[in-house]
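Reviewing the structure listed below.
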Protein chains: 2
Amino acid sequence: MQLRPEQILNDHQLRRTAVRLAVLRIFLEADEALSQSYLEQQFEQVDRITLYRTLRTFEQKGVIHRALDGTDTPKYALCAGECNEHAHHDHHAHFHCDDCGRTYCLEEMVAPRFHAPRGFRVDEAHMVLTGVCKECLEGVSP
Amino acid sequence: MQLRPEQILNDHQLRRTAVRLAVLRIFLEADEALSQSYLEQQFEQVDRITLYRTLRTFEQKGVIHRALDGTDTPKYALCAGECNEHAHHDHHAHFHCDDCGRTYCLEEMVAPRFHAPRGFRVDEAHMVLTGVCKECLEGVSP
DNA sequence: AATTTCATGCAACGTTGTTGCATTTGTGTT
DNA sequence: AACACAAATGCAACAACGTTGCATGAAATT
Ligand SMILES: [Mn+2]
Ligand SMILES: [Mn+2]
Ligand SMILES: [Zn+2]
Ligand SMILES: [Zn+2]
């Protein structure tokens, strides 16, 4: 995985702008999937449309992926690598904590192969786990 | 599974109103998960807020469940049974066709037990499959 | 430095989620 | 059958988001 924001932009042929670098820095420091509104709050002043387009571009270009977590608030996380504008390769599970509302990527947990039912052709499989995260579990038993 | 709209409302202690009966009839005839906007179009004239509250009530009372399909449009389908205001028991997978956009319940496909990673406690697991449905597959090879 | 291509900021609009409130309707009781 | 109560509906209203167009500013290319 690339570690520096500048290199991530280079690798995906994206212009090096202030907003993009700042967004990437936030993602790199976070260990969870982030919503657009959360990102907005990290800035003193930023245009929500610019943020919207930044996320859309990042997703299209394979910089970030959407973390499906069962809520109605889309969350995003950095792609591990290999993803580009043609294809995403992040098929790991995502975990949503019902207690704190955080969403985590479970990179190590990959959806098993499923045989297609009813004559369908299955191209991708995503798993969404819900429960209580480690921090919240430890918090309730002091 | 209950087959008549009237009985579904009785079983869940819901008042028998025109909108509710009509919505249930649409769900009973459909073999796929439906969005609120789709339901709206099935009526000549209906208030969207009433429809919104109808779906919310149905979901709370265990009449319908939300079908997670990876899109940003919530879809709903009838619960198989046993669901009530206290708990939902529909943990089957859902399939989303990238071609026609339809979402289907895969009642027969239940998420396997997962061991909790990273010290998390997993309460529920949902699976979302994407690909091409039977109708669309047959449509392209005439 | 000039040019070109693209990102940004802002206005604007549509959709959806959500609540408050007055009115109508369903249902159990006189 | 009429009544009374609780709940559902219709409508106004607002917030949050997603999305596009356009003028302006910034990055990359020459
Ligand atoms: Mn992820
Ligand atoms: Mn379902
Ligand atoms: Zn938590
Ligand atoms: Zn299809």
Side-chain angles (χ1 to χ4, degrees), chain A residues 4-27 33-64 66-76 85 101 103, chain B residues 4-26 33-76 85 101 103:
Chain A
R4 285 171 43 251
E6 291 82 1
Q7 186 164 357
I8 296 178
L9 292 180
N10 281 343
D11 291 352
H12 294 273
Q13 291 161 16
L14 293 168
R15 289 194 178 180
R16 184 182 303 188
T17 72
V19 174
R20 288 176 176 177
L21 288 171
V23 168
L24 283 177
R25 266 182 240 112
I26 297 172
F27 272 120
L34 308 176
S35 67
Q36 178 175 340
S37 68
Y38 173 84
L39 288 166
E40 267 177 59
Q41 293 161 16
Q42 301 313 109
F43 289 84
E44 294 179 1
Q45 183 248 0
V46 76
D47 188 65
R48 73 178 184 92
I49 289 95
T50 300
L51 212 41
Y52 162 73
R53 282 194 266 229
T54 299
L55 293 175
R56 189 176 55 177
T57 299
F58 279 2
E59 191 185 4
Q60 284 172 173
K61 296 288 186 170
V63 176
I64 61 178
R66 209 176 276 233
L68 194 63
D69 72 350
T71 72
D72 44 10
T73 308
K75 303 204 178 61
Y76 304 89
E85 59 190 320
T103 300
Chain B
R4 284 170 44 249
E6 291 82 1
Q7 186 165 356
I8 296 178
L9 293 179
N10 280 344
D11 291 353
H12 295 273
Q13 290 162 17
L14 292 167
R15 289 195 178 180
R16 182 181 305 188
T17 71
V19 174
R20 289 177 175 174
L21 288 172
V23 168
L24 284 178
R25 263 181 242 114
I26 296 172
L34 308 176
S35 67
Q36 177 174 339
S37 67
Y38 173 83
L39 287 166
E40 268 177 59
Q41 292 161 17
Q42 301 312 109
F43 289 84
E44 293 179 3
Q45 182 248 1
V46 76
D47 189 64
R48 74 178 185 93
I49 290 95
T50 300
L51 211 41
Y52 162 73
R53 283 194 268 229
T54 298
L55 292 175
R56 188 176 57 177
T57 299
F58 279 1
E59 191 185 6
Q60 286 173 173
K61 296 287 186 170
V63 177
I64 61 177
H65 64 277
R66 211 177 273 235
L68 192 64
D69 73 349
T71 71
D72 45 9
T73 307
K75 303 203 179 62
Y76 304 87
E85 59 191 321
T103 299

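Lettering follows sequence order; numbering is per chain, from 1. The figures that follow rest on heavy atoms only: side chains count, while hydrogens, waters and symmetry mates do not.
The distance between atom NZ of B/K61 and atom C1' of D/dA8, rounded to the nearest whole Å, is 13 Å. Atoms CG (A/L9) and P (C/dC6) sit 16 Å apart, rounded to a whole Å. Counting to the nearest Å, the P atom of D/dA15 and the CG atom of A/D72 are 19 Å from each other. Atoms NE2 (A/H12) and P (C/dC6) sit 18 Å apart, rounded to a whole Å. Look at CG on B/L21: it is 14 Å from C1' on D/dT9, rounded to the nearest Å. One interatomic measurement links the two molecules: CD of B/Q13 to C1' of C/dG28, which rounds to 14 Å at whole-angstrom precision. For B/R16 and C/dG28, the CZ to P distance is 10 Å, given to the nearest whole Å. Spacing between atom CZ of B/R20 and atom P of C/dT24 amounts to 19 Å, rounded to whole angstrom units.
Within the structure, a side-chain polar atom (N or O) of A/Q36 is placed less than 4.0 Å from OP1 or OP2 of D/dG18. The side chain of A/T17 contributes an N or O atom lying less than 4.0 Å from OP1 or OP2 of C/dT8.
Residues B/R16 and B/L21 approach most closely at CG-CD1, 3.6 Å, considering heavy atoms. The shortest non-hydrogen separation linking A/T71 to A/D69 is OG1-OD1, 2.8 Å. Closest heavy-atom contact between A/L9 and A/T17: CD1-N, 4.4 Å.
At a threshold of 4.0 Å, the pair B/E59-B/R66 counts as salt-bridged, since one of the basic side-chain nitrogens sits closer than that to a carboxylate oxygen.
Looking at heavy atoms from C-beta onward, A/E85 lies out of side-chain contact with A/Q60 at the 4.5 angstrom threshold. Side-chain atoms of A/Y76 and A/L34, non-hydrogen and from C-beta on, never get closer than 4.5 Å to each other. Side chains of A/L14 and A/F58 form a contact here, defined as non-hydrogen atoms less than 4.5 Å apart.
Residue contacts shown for A/R15 include a base, since a base heavy atom lies under 4.0 Å away.
Heavy-atom distances under 4.0 Å link DNA chain D to B/D47, B/R48, B/I49, B/T50, B/R53, B/T54 of residues 45-59 of chain B, given in residue order.
Between B/E40 and A/L14, the one whose closest nucleotide on DNA chain C sits nearer the 5' end is A/L14.
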